[in-house]
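The structure under discussion appears below in the form of structure tokens.
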Number of protein chains: 2
Amino acid sequence: MSSPSTPTRGRPARLDRARTLETALDLLNQSGLDALTMRRLADAMGVQAGALYRYFATKQDLLTAMAERMLEGVDTTAHAADSGDWSDRLATLARSLRTALLAHRDGARVFAGTHATGPSVLGFADAFVGVLREAGFRDDDAARALYTVVNYTVGHTLEEQAALQAADGDPESVGTLREAVTAGTPPYPHLSATLPTLTSTDFTRLFEFGLDLIIGGLRARRAPSAGD
Amino acid sequence: MSSPSTPTRGRPARLDRARTLETALDLLNQSGLDALTMRRLADAMGVQAGALYRYFATKQDLLTAMAERMLEGVDTTAHAADSGDWSDRLATLARSLRTALLAHRDGARVFAGTHATGPSVLGFADAFVGVLREAGFRDDDAARALYTVVNYTVGHTLEEQAALQAADGDPESVGTLREAVTAGTPPYPHLSATLPTLTSTDFTRLFEFGLDLIIGGLRARRAPSAGD
DNA sequence: ACCTGAACACCGTTCAAGT
DNA sequence: ACCTGAACACCGTTCAAGT
């Protein structure tokens, strides 16, 4: 439970979870997830790779802690979007999630690959479900809407960050879809007609579109036909 | 372009893209993505690992081809959902995507980690955008809706397959969320109240809920207030 | 108590050389 | 033309031994 927690007298430890986590997130930002190895992290901490295993049982454990840490700054208080109804608050929370993932290189990949259940993740989820319940949604609808928005947001940001990394490093990869569509046999008439939008890099606008659809769907479900 | 394609006279090649792809997908199903290594795949083909690089430039290349192959069976013809309006067709296409990803272990992870632009992926996208355009949606809305549904579906299935694997292998991992929520200091009132839904394993129902929200949002956007 | 050193069992990728 | 053999530069993880 608290194996290396109470720093009894002795040599001051060069390692601890908090500092290691910080260094790991820095390394992630600088080099990306593929370059985040236990050995490189140990190097950055001035230690041998094996030493990390006193603080994290596995690399997966480290990644889970990183995912939890990424959401730590998210403001889940009501005041954060006080000036609005339930749909404004929901949108604010969803945008905060995307922003938190975007704040670190490969943030969405780290988050998608783990199952963090710490206070920042649960606090976010509780706030989200709370907004819907207090707006009068059924409990099961509120819970399912959480998954819809989180899965959409993670899926979107995964794509967004993949596109960002493909853009620098291989500047011509942006044209891959365009080429495949235009050079297409068979032809893709609908993709051709919508290519400008399909190849747009305005990810914020794209995210807002989908978020708006989901919230619009929730609105329709809450007030099946009347105006509240 | 067609380096090892035309089988000129000589020893019949033990390798080719199609057979290798098939074996790779089998291996994926049996052992999962983490166990799918170039060496193990080579073993399964009765060959040395280096030989694979005559057919796939990198492992990423192989994974992209696998992603494309996964969508090959998806029926994108109109008749597949002939008996319905645009929203029924859209739902059918979205369900087909989820089903195709679920058909292989870690299918969503493979798909999310690649950028396939082959005929089956583009065919799916073209059909999807086509349904919306023919239903009278604006071109840019149709294109953005494609991303919304695909990103949601991939995000959802990523979670679904992660939950499935966590379930067998560590049968008590299902209770992880429950424990974290109930043992929670601080408490999570809204998560506690909705725990049964949050811990449900009826992923089809969960998927349908989110899909319904998105389609509901599209409906509202198409007919801003009238009933069409 | 905390970390080193060294090992174990692997990886993806390259490439001269064989057939 | 197609594949082998062997190497290169790595991985995550474990664990006796040192301090």
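Every value quoted in this text rests on a predicted model; they were computed, and no experiment measured them. Chain identifiers are assigned alphabetically (A, B, ...) following the order of the sequence lines, protein sequences preceding nucleic acid strands; residue numbering begins at 1 within each chain.
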Ser120(B) and Glu68(B): side chain donor to acceptor below 3.5 Å: yes
Residue pairs involving residues 196-212 of chain B (criterion side-chain hydrogen bond (donor to acceptor under 3.5 Å, both in side chains); sequence neighbours excluded): Arg221(A)-Asp212(B), Arg95(B)-Glu208(B), Arg98(B)-Thr204(B)
Salt bridge (charged side-chain N to carboxylate O under 4.0 Å, His left out): pairs with one or both residues in residues 12-24 of chain A, sequence neighbours excluded: Glu22(A)-Arg69(A)
Sequence-distant partners of Asp140(A), salt bridge (charged side-chain N to carboxylate O under 4.0 Å, His left out), two or more places apart: Arg138(A), Arg144(A)
Partner residues of Arg109(B) under the salt bridge (charged side-chain N to carboxylate O under 4.0 Å, His left out) criterion, sequence neighbours left out: Asp34(B), Asp106(B)
Partner set under ring pair (Phe, Tyr, Trp, His ring centres under 6.0 Å) for His156(A), not counting sequence neighbours: Phe207(A)
Protein-to-nucleotide contact annotation, 5' to 3' order, nucleotides 3-13 of chain C [B base; S sugar-phosphate only; - none; under 4.0 Å, heavy atom]: BBS-B---BBB
Pair listing, ring pair (Phe, Tyr, Trp, His ring centres under 6.0 Å) test, anchored in residues 101-130 of chain A, at least two apart: none
Partner set under side-chain hydrogen bond (donor to acceptor under 3.5 Å, both in side chains) for Asp141(A), not counting sequence neighbours: none
dA9(D) to dC10(C) separation - C1' atoms, rounded to the nearest Å: 13 Å
Stems involving DNA chain D, each a run of at least 3 consecutive Watson-Crick or G-U pairs under 3.5 Å: C:4-8 with D:12-16, C:12-16 with D:4-8
